[in-house]
Amino acid sequence: MPFRLYNTLSNTVEDFRTIDSGKVRMYACGPTVYDYGHIGNFRTFVAVDILFRFLKLSGYSVHYVMNITDVDDKIIHNAGSPDIAAVRHYTDKFSNAFFEDSKALNIDPPQFVRATDHIQEMAEFIAELEAKGLAYRAEDGSYYFRIAKFPPYGKLSKRDFAGMEDGARVDVDEYDKDNARDFALWKAPKPGEASWETKIGPGRPGWHIECSVMSMEELGESFDLHAGGEDLIFPHHENEIAQSEGLTGKPFAHFWFHSRFLLVEGEKMSKSLGNFYTLRDLVLKGYKPSAIRFLLTSVPYRNQLNFTFDGLQQATASVERLRNFYALVSNPPKSTKPDATSLAPLAAETKDRFMQALGNDLNTAEAIGAIFEMVRVANAAINAGNWKLDTDQKPLLDVMNTFDAVFAVLKDDDAAKINSIVAWAKIEGREIAPELLAATANQLSDADVEAKIAMMEAARKSRDFKSSDAIRGELTAAGILVEITKEGIRWRRK
RNA sequence: GGCGCGGUACCCAAGUGGUAAGGGAGAGGUCUGCAAAACCUUUAUGCGUCGGUUCGAUUCCGACCCGCGCCUCCA
């Protein structure tokens with residue numbers, strides 16, 4: 001069963017093949033660290049994470065590299081100092097925030113590479129392009145890529161530049177470019193701006209060069225997969241191809257993976273529309289990281305996802321349902337009927353459907369659907385005692401663990417993640433939803449909860465329901481879900 | 001203007017040339033001291049509109065309406 005994956009380069013779904021059998025080398029364009037990551041950024045990073053996790057689940061060994069863009073015009077401007085250390089200090093803050101947010105969303109960490117750690121290699125790369133006639137130096141010391149020397153230019157974004165002639169449309173502001181379409185490889189410093197000394201002179205890299213240099217350095221001149229948001233198709237990825245293939249004459253990335261933008265409440269997210277949310281904003285409004293991740297993954301990556309608060313609420317309920325089932329199977333009622341039907345075939349079939357759905361260009365919606373169908377049938381069977389605990393428990397858990405190896409929402413660790421974001425918000429003086437503040441203040445340790453549960457048990461034994469209910473009320477207020485079953489009280493964190 | 005994507009029930013959403021997965025929400029019920037969880041029943045003769053092809057279309061074709069994206073630095 002081949003993995004079918006859409007390739008932007010061919011505009012079709014193809015059988016996924018790797019250069020080296022069993023190994024995947026992939027690269028994703030990461031964040032530009034000038035601010036906190038927003039929910040749109042994370043749609044892409046979560047989508048690539050699903051891809052990464054599915055490849056591993058399918059048995060590939062995956063070398064996955066993501067860049068951190070810690071130098072660009074906005075960063076240089078915001079850092080407000082010609083001192084490189086000051087720039088680094090500024091970007092450290094946001095790259096660390098990005099790592100924390102990624103962790104909150106259970107994004108499996110790739111190998112991170114930072115642009116400013118590779119400045120000299122970039123200068124070398126540009127010098128080689130110049131030697132091949134693909135780049136030229138402008139009067140001010142900036143370098144540009146000469147698009148006219150790379151005929152395939154436009155093959156990824158399906159743009160036709162054939163009619164373009166050197167010097168045909170020169171922008172008055174960019175008089176030093178030979179052609180308006182030529183893009184910057186290297187920017188000469190302006191007074192007061194941070195810059196690096198290199199063999200091609202002082203300055204800072206253009207946007208695209210870092211990805212060509214770092215991806216080829218880590219993964220080789222040709223590698224399997226290159227990922228990013230759809231907006232990167234042009235010009236960023238087109239330019240990466242031009243630089244890389246122009247220099248090596250070999251195919252750069254074989255598969256190009258792009259995730260579609262999300263909408264927020266039906267509109268493109270933007271600060272002016274007031275629908276711009278960072279991950280932290282959402283957590284501080286009281287939404288759980290697991291629910292956010294689930295919503296982000298529940299719509300296949302090539303479809304537009306309309307991110308709404310109603311949707312977040314629904315995702316919260318869906319995750320709850322899955323966790324309830326996982327808890328039930330992990331700690332099931334012991335009594336089963338002697339003539340019970342086994343659930344093992346259902347588990348096997350579900351796992352199969354799950355893998356096939358993901359294998360079909362990562363159809364996450366269908367994969368989730370398969371899981372929920374199993375959950376419904378198995379819930380009914382288990383509650384009726386109509387299953388074989390000894391032989392069925394393991395396969396059912398196995399399916400759920402397989403699901404979680406990709407979706408990563410079952411593990412009950414939201415509280416800790418929320419706590420650290422709340423702690424950050426207090427220091428930064430950010431607004432925190434009152435209910436969230438109350439819930440974090442009321443938090444109980446496992447031992448506290450166990451003690452209260454024991455008190456509940458005792459009260460119930462003497463049929464003192466009033467006390468029992470009072471304790472349950474306290475626990476509920478602290479975010480503890482209490483279930484009274486025939487075989488004792490079961491609890492977990494909501 | 002160029003290129004591209006989509007319009008499926010109250011909401012989210014998959015899917016197929018033969019008659020609509022799944023989740024959420026709502027209503028009723030079972031269970032329970034009460035809850036919670038779970039289960040059962042229920043909610044699209046219908047898949048933007050109008051034509052066409054076909055024995056048959058939501059699925060193919062055409063037109064139209066609506067929404068959205070990219071077109072030099074926004075994931």
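Chain A is the first sequence line, chain B the second, and so forth, proteins listed ahead of strands; every chain is numbered from 1. All values derive from a computational prediction rather than experimental measurement. Keep in mind that the numbers below use all heavy atoms, side chains included, and drop hydrogens, waters and symmetry copies.
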Can you tell me, in whole Å, how much space there is between the [atom1] of [N] and that of [M]?
{"N": "B/A9", "M": "B/A27", "atom1": "C1'", "value": "16 Å"}
{"N": "B/U32", "M": "B/G26", "atom1": "P", "value": "24 Å"}
{"N": "B/U58", "M": "B/G17", "atom1": "C1'", "value": "10 Å"}
{"N": "B/U59", "M": "B/G48", "atom1": "C1'", "value": "15 Å"}
{"N": "B/U45", "M": "B/A21", "atom1": "P", "value": "14 Å"}
{"N": "B/G23", "M": "B/U72", "atom1": "P", "value": "44 Å"}

Strictly by Watson-Crick or wobble contacts shorter than 3.5 Å, is anything paired with [N], and which nucleotide is it?
{"N": "B/C47", "answer": "none"}
{"N": "B/C60", "answer": "B/G52"}
{"N": "B/U19", "answer": "none"}
{"N": "B/C10", "answer": "B/G24"}
{"N": "B/C74", "answer": "none"}
{"N": "B/G67", "answer": "B/C5"}
{"N": "B/U30", "answer": "B/A38"}

Original post:
Does A/E320 or A/G228 map to a spot on RNA chain B nearer the 5' end, using the closest nucleotide for each?
Top reply: A/E320
Original post:
If each of A/R159 and A/V377 is mapped to the nucleotide of RNA chain B with the nearest heavy atom, which maps nearer the 5' terminus, i.e. the 5' end?
Top reply: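 Closest to the 5' end, via its nearest nucleotide, is A/V377.
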**OP:** Verify the contact: side-chain N or O of A/N303 to OP1 or OP2 of B/A14, cut-off strictly under 4.0 Å; return yes or no.
**Re:**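 So the side-chain polar atoms of A/N303 do come within 4.0 Å of the phosphate oxygens OP1 or OP2 of B/A14, strictly under.
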In whole angstroms, how far is the [atom2] atom of [N] from the [atom1] atom of [X]?
{"X": "A/L305", "N": "B/G6", "atom1": "CG", "atom2": "P", "result": "15 Å"}
{"X": "A/Y27", "N": "B/A75", "atom1": "OH", "atom2": "P", "result": "14 Å"}
{"X": "A/R490", "N": "B/A36", "atom1": "CZ", "atom2": "P", "result": "15 Å"}
{"X": "A/I75", "N": "B/C74", "atom1": "CD1", "atom2": "P", "result": "11 Å"}
{"X": "A/E265", "N": "B/C68", "atom1": "CD", "atom2": "P", "result": "14 Å"}
{"X": "A/Y301", "N": "B/A13", "atom1": "OH", "atom2": "P", "result": "17 Å"}
{"X": "A/D35", "N": "B/A75", "atom1": "CG", "atom2": "C1'", "result": "14 Å"}
{"X": "A/E230", "N": "B/A75", "atom1": "CD", "atom2": "C1'", "result": "9 Å"}

Give [X] one of three labels, base, sugar-phosphate or nothing, depending on what nucleic acid heavy atoms sit under 4.0 Å from its own.
{"X": "A/N363", "answer": "sugar-phosphate"}
{"X": "A/N383", "answer": "sugar-phosphate"}
{"X": "A/G40", "answer": "base"}
{"X": "A/H38", "answer": "base"}
{"X": "A/D469", "answer": "base"}
{"X": "A/P31", "answer": "nothing"}
{"X": "A/L262", "answer": "base"}
{"X": "A/V299", "answer": "sugar-phosphate"}
{"X": "A/K187", "answer": "base"}
{"X": "A/I371", "answer": "nothing"}

**OP:** Indicate for each nucleotide in nucleotides 19-26 of chain B, in 5' to 3' sequence, whether protein heavy atoms under 4.0 Å reach the base (B), only the sugar-phosphate (S), or nothing (-).
**Re:** --BSBS--
Lys/Arg N to Asp/Glu carboxylate O, [X] vs [Y], below 4.0 Å:
{"X": "A/D281", "Y": "A/K285", "answer": "no"}
{"X": "A/R204", "Y": "A/D73", "answer": "yes"}
{"X": "A/E373", "Y": "A/R353", "answer": "yes"}

Is there a side-chain contact between [X] and [Y] in this structure, where contact means two heavy atoms from C-beta onward sitting under 4.5 Å apart?
{"X": "A/F307", "Y": "A/L282", "answer": "yes"}
{"X": "A/E245", "Y": "A/P152", "answer": "no"}
{"X": "A/D414", "Y": "A/R493", "answer": "no"}

Original post:
Between A/R302 and A/Y6, is NZ or CZ placed under 6.0 angstrom from the six-membered ring centre and within 45° of the ring axis?
Top reply: yes
Original post:
With stacking defined as ring centroids separated by under 5.5 Å and planes differing by under 30°, is A/F465 stacked against B/G33?
Top reply: yes
Measuring centre to centre across the rings, with the benzene-like ring taken for any Trp, is [X] within less than 6.0 Å of [Y]?
{"X": "A/F98", "Y": "A/F45", "result": "yes"}
{"X": "A/Y64", "Y": "A/Y27", "result": "no"}
{"X": "A/F309", "Y": "A/Y277", "result": "yes"}

Checking contacts here: which listed nucleotide ([options]) is nearest the side-chain heavy atoms of [X]?
{"X": "A/Q304", "options": "B/A75, B/G69, B/C71", "answer": "B/G69"}
{"X": "A/S468", "options": "B/C39, B/G33, B/G69", "answer": "B/G33"}
{"X": "A/K74", "options": "B/G33, B/C74, B/A38", "answer": "B/C74"}
{"X": "A/R460", "options": "B/G33, B/G4, B/C39", "answer": "B/G33"}
{"X": "A/R472", "options": "B/C34, B/G67, B/U72", "answer": "B/C34"}

Subject >> base_contact_polar (B/C68 base, A/K268 side chain, donor-acceptor, <3.5 Å) >> reply: no
Original post:
When the ring planes of A/H226 and A/W256 are compared, do they come out parallel, tilted or perpendicular, using 30° and 60° as the limits?
Top reply: parallel
